[in-house]
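Chain naming here is simple, since letters A, B, ... match the order of the sequence lines and numbering starts at 1 in each.
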Amino acid sequence: MGRQRIGYFEDLQDPEHICSRCHMCELICTFHHHQVGNPKRSRIRLISLDKGVDVPVTCLNCEDAPCMNICPTGALYRPESDGMVTVKEDLCIGCAMCVNACPVGAITLDPVDGMAVKCDLCGGDPQCVDYCPANVLKLTDAERFARHRMRGFVKSLQASGEEG
Amino acid sequence: MRIFFHAERCMLCQSCVLACQMNSIGVSEVTEIPRDGRPLQRMAFIFSHGTPWVWRCQQCLSAPCVEACVTGSLRHGEEGNGVVHDRETCVGCGSCVLACPFDALTPDENDDRVTKCNLCPEEEIPPCVKACQSGALAYQDPRLFAQDKRKKFVRDQKVHRETD
Amino acid sequence: MSIFAGGYAGQILFVNLTDGSIQVKPLEREFALKYIGGRGFTSRILLDEVKPGIDPYCPDNVVVIAAGTLSGTPTPSSGRLVVAAKSPMTGGIGDANSGGYWSPELKYAGFDAIVIRGTSKDPVYLWIEDGRAELRPAQHLWGQNTTETRQLLKEETGDDDIHICAIGPAGENLVRYACVVTDEEGVGGRCGIGAVIGSKKLKAVVVRGSLDVRIADPERFKKTLEDYRKTLAGEVWTETLRRLGTPNLTAHRQSHGIWGAKNFQRATIEDYEPISGENFRKKFLMKPIGCMGCLVSCKRYSAVKDGPFAGIYTVGPEYETINALAAKPYITDPAIVLRAHYLCDEYGLDEQGVGSTVAMAMELYERGLLTKEQTDGQELVFGNSEALLYFIDKIAYRKGFGDLLAEGTKIMGERLNADYYAIHIKGLEVDATDPRKQVTRALTYAVSTRGACHLRGNPYIDEFIKPEEAEAYFGTAAVSELEALEGKGKMVAWSEDWVTISDQMGLCKFAWYRSRSFPMLIKRGLELAKEAFTSATGLPMTNEKLYECGERVYNVEKLFNVRQGIGREGDYPPARFFEEELTDGPAKGCKLDRKEYDRLLDDYYEARGWDKKTGEPTPEKLRSLGLE
């Protein structure tokens, strides 16, 4: 198993398998981590653009993670060699360097206690994946993702073969 | 609110540093800069391995400098807003300079005390941010900054897919 | 810090637009326990604040906006919002209910409710953020469509994570059935609350919040979530709703012959296929959309990709949209329906209002009671989609014949001497279905406190309740028989009180209050709702007490209506349902019987403990509910 992260898998051919903008991932994330309701503290955030584009964004768990590299105190680290980048809260000084460096905005400062917060995969049982009604959030890793893409590719070949 | 830096947008013009220094000696036009002026070093520009970076105080939420300060002249602003430096009580011991991971505190050559970015509270937008013409510097709430990045990420993704 | 352990934000915002003053008052524990939230708060505050007989557009009318109690917590489908005022359509209590994300955001911004009084001199909008509020000038927003209003506000604040509840040009121009539009997704349609807000010169209420909504007992709360999820898993309709949304009901209306098409002259639609839920899915659906935390996702996100209306992206249609804009004016082009729906959302018009008045005008035109000169030269016959689109514009800006259409069916009927063709109850147009086939449905529509409404009760319980359950709950097994009238008054009263709980809690009536099994209704709508309430707020509550809260609110509303002069005579369906039989479809020959209805209404009043003559709640009833 490679490095895991929460992936967003939509199927544009199937309307039921596209993010339905319900924000449940945000609600359940905040509830799991802080026992309150407040999507602004969620580690996964739903981004809504116009024309019905909704995509939940969370940590990509980069191999050469910029947040981890730039952290001056070592508060961001990988407990295991291929695990999730994690925040050690007592080392974090809230300098927001990681916020500055993250390419997707997946790490931010908690509006209440001010420390860096990011997805921690809920210790291996991600709640957003569990609750997502459209089943578009999945716990995934690079290898599985590549297989998924391959399968899609083969399917497309098959389809065009049938037509031709 | 903090100052954020988009390295990819920086054009290396260093207008920010100039604006900061001019502000520190109280002039608004380049032609008015006195020959013997001794501006404060509150912001530094470096260019390393092909990447620009502007060093400035990160306004950490549990700042090492505040903890290191022996006289209590460094303290956290109200509502967790920035790190405030009180020049009157500063003795220039340099403890904070040692503690700061960003080299954001520098000795003030005029009176042997330290100085740091104070986000120019008298201005609505800090002069350095105003001077930046490429949008590399942004004065934003960390949460909004992260949110903007997520939006950009989603938008880029969607563009890629549409052109696939 | 609020006195509540969770659930509530603990504060109510009072805004006086006349002098621009803003006050924040704490929410009291007793009040919260008695009225729960949402519609409970709005109805009680209106009863206290609105004097009898005032003009709905005068500064003394009060607009109350309240979030459901569970809004903002991770309770699934709990993001319902209630906007209420004295209605310009009925003259009685008016409330509009909308889903989406606005209501939770109000809680995150630190308020449970907003009470708006007075009238501003210049257009303003209300900005609310983290426990603070201010009025800001909105001259630049006045006259803008709802989408543009949202865009401008987002640019102005530099944050597109804000949530906006706005009125469109229709509200500004006091179209009687103007609605409030919350964000892109939600519309608080009925009762003309948008017009009241427009009369106050309030363009929008904008919220942004980052405060926590606490949960008193997280463990118990989590368990409730899990239980709720389990109950959803066994329901067939969740799958259907996700696939087709509420437009799946089109098939039901067609097969039962209860469309109410052509201004209730036809029961079925001949060329029904194009406006069926399946067709809307096939041609336009991009994806289903859910309100805050919804596990069902019944809303549609539709896009028109080709044809003359290509480029429309809109949330919808709902079944109501199809009923109002397709069945009533008898238009069967789905692209036209979506276009009309889009325009209604842009202008802030209630679709039922538009559909019903235009359909009524069409009937009058066909009957020769309206001439071409009166209708701006439009050939106003059923099926004329151009006329519908033409008049949506005119209604929103009150131009030409649109000025009369903008008054709604009741006033149009009075002005044109054609009361009979105005199909409304208490002034609010009959929506959703033709109730002639099922007298309990007619009763539910007619006694509904806000005027004809299919959401004020669950009249179809008799379709699936088992005799022993009926015996236990309503005292007679006859309730389980479709044709019988016995016990039906009690059943309707019960379902009204019970459904009121959903509006108080902010729960969705689909996701929580719909099932084909009676025990499941009780389990979800009462037990789980109570569990969610106690575990979130930490307040003591029992099933019985919660039900009583629903009943109390219903009585408060009735009291309000009686004080505003709506008595027993307001609780009757329109004459057409008694006089004319359905002429086609499976329900052919059905009509209401006046004697039968009278008896049912008596039964209903008796079950409610209301005076049979006046419909007023008796003092004993009020006392037993703690409403002296």
(message) side-chain contact (heavy atoms from CB on, under 4.5 Å) for A:Asp54 and C:Lys287? Distances and angles first, verdict last.
(response) CA-CA 10 Å; A:Asp54 302 284; C:Lys287 60 174 185 177; 2.4 Å; yes
(request) Apply side-chain contact (heavy atoms from CB on, under 4.5 Å) to the pair C:Asp212 and A:Gln35, showing each step before the final yes or no. (result) CA-CA 9 Å; C:Asp212 288 346; A:Gln35 285 77 49; over 6 Å; no
(request) Go through C:Asp130 and A:Lys40 one step at a time and tell me if the salt bridge (charged side-chain N to carboxylate O under 4.0 Å, His left out) criterion holds. (result) CA-CA 12 Å; C:Asp130 292 353; A:Lys40 296 248 159 53; over 6 Å; no
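Side-chain contact between C:Glu185 and A:Arg21 is present, with at least one heavy-atom pair separated by less than 4.5 Å.
For the atom pair C:Tyr101 OH and A:His23 NE2, the distance stands at 5.0 Å (nearest 0.5 Å). Note that the CD atom of A:Glu26 and the CE atom of C:Met292 stand 6.5 Å from one another [nearest 0.5 Å]. Put simply, CG on A:Asp110 and OG on C:Ser210 are 10.0 Å apart, with the number rounded to the nearest 0.5 Å. Distance CG/A:Asn38 to OG1/C:Thr73: 12.0 Å, rounded to 0.5 Å. Within the model, atoms CE of A:Met24 and OG of C:Ser297 stand 11.0 Å from one another, a figure rounded to the nearest 0.5 Å. In this structure, CD on A:Gln127 lies 9.5 Å from CG on C:Leu225, to the nearest 0.5 angstrom.
Counting heavy-atom pairs closer than 4.5 Å to chain C, the top residue among A:Ile18, A:Ile28, A:Asp50 is A:Ile18. Each of A:Pro39, A:Cys19, A:Ala134, A:Cys25 has some count of heavy-atom pairs under 4.5 Å with chain C, and the biggest count is that of A:Pro39. For the set C:Ser302, C:Ala303, C:Cys291, C:Pro76, the entry with the most heavy-atom pairs within less than 4.5 Å of chain A is C:Cys291. Your options are C:Lys107, C:Arg229, C:Glu184, C:Glu219, and the one with the most heavy-atom pairs under 4.5 Å with chain A is C:Arg229. In terms of heavy-atom pairs under 4.5 angstrom with chain A, the leader among C:Gly6, C:Gly209, C:Pro104 is C:Gly209.
Looking at A:Asp11, neither its backbone nor its side chain comes within 4.5 Å of chain C, counting heavy atoms on both sides. Only the backbone of C:Leu211 comes within contact range of chain A, with at least one heavy atom under 4.5 Å from a heavy atom of that chain. Contact annotation for C:Arg281: only side-chain heavy atoms (C-beta onward) come within less than 4.5 Å of a heavy atom of chain A. Using a 4.5 Å cut-off between heavy atoms, C:Lys222 contacts chain A through both its backbone and its side chain. Only the side chain of C:Glu105 comes within less than 4.5 Å of a heavy atom in chain A; its backbone stays farther off. Using a 4.5 Å cut-off between heavy atoms, C:Glu226 touches chain A through backbone and side chain atoms alike.
The shortest heavy-atom contact between C:Pro74 and A:Phe31 is CG-CB, 3.6 Å. Nearest heavy atoms, C:Arg242 versus A:Ser20: NH2-OG, 4.0 Å. In plain terms, the two heavy atoms of C:Tyr301 and A:Gly52 that are nearest each other are OH-N, 3.0 Å. When all heavy atoms of A:Pro15 and C:Pro288 are compared, the pair lying nearest together is O-CD, 3.0 Å. Across every non-hydrogen atom of A:Pro133 and C:Cys294, the tightest pair is CG-O, 3.6 Å. Closest heavy-atom contact between C:Met286 and A:Lys51: CE-O, 3.4 Å.
Atom NZ of C:Lys305 is surrounded by more than 12 heavy atoms from other residues, nucleotides or ligands within 6.0 Å. Heavy atoms from other residues, nucleotides or ligands lying under 6.0 Å from CD of C:Glu148 number more than 12.
When the salt bridge (Lys or Arg N to Asp or Glu O under 4.0 Å) test is applied to C:Arg208, the partners found at least two apart in sequence or on another chain are C:Glu129, C:Asp159.
Residues of residues 85-104 of chain A never come within less than 4.5 angstrom of chain C, heavy atom to heavy atom.
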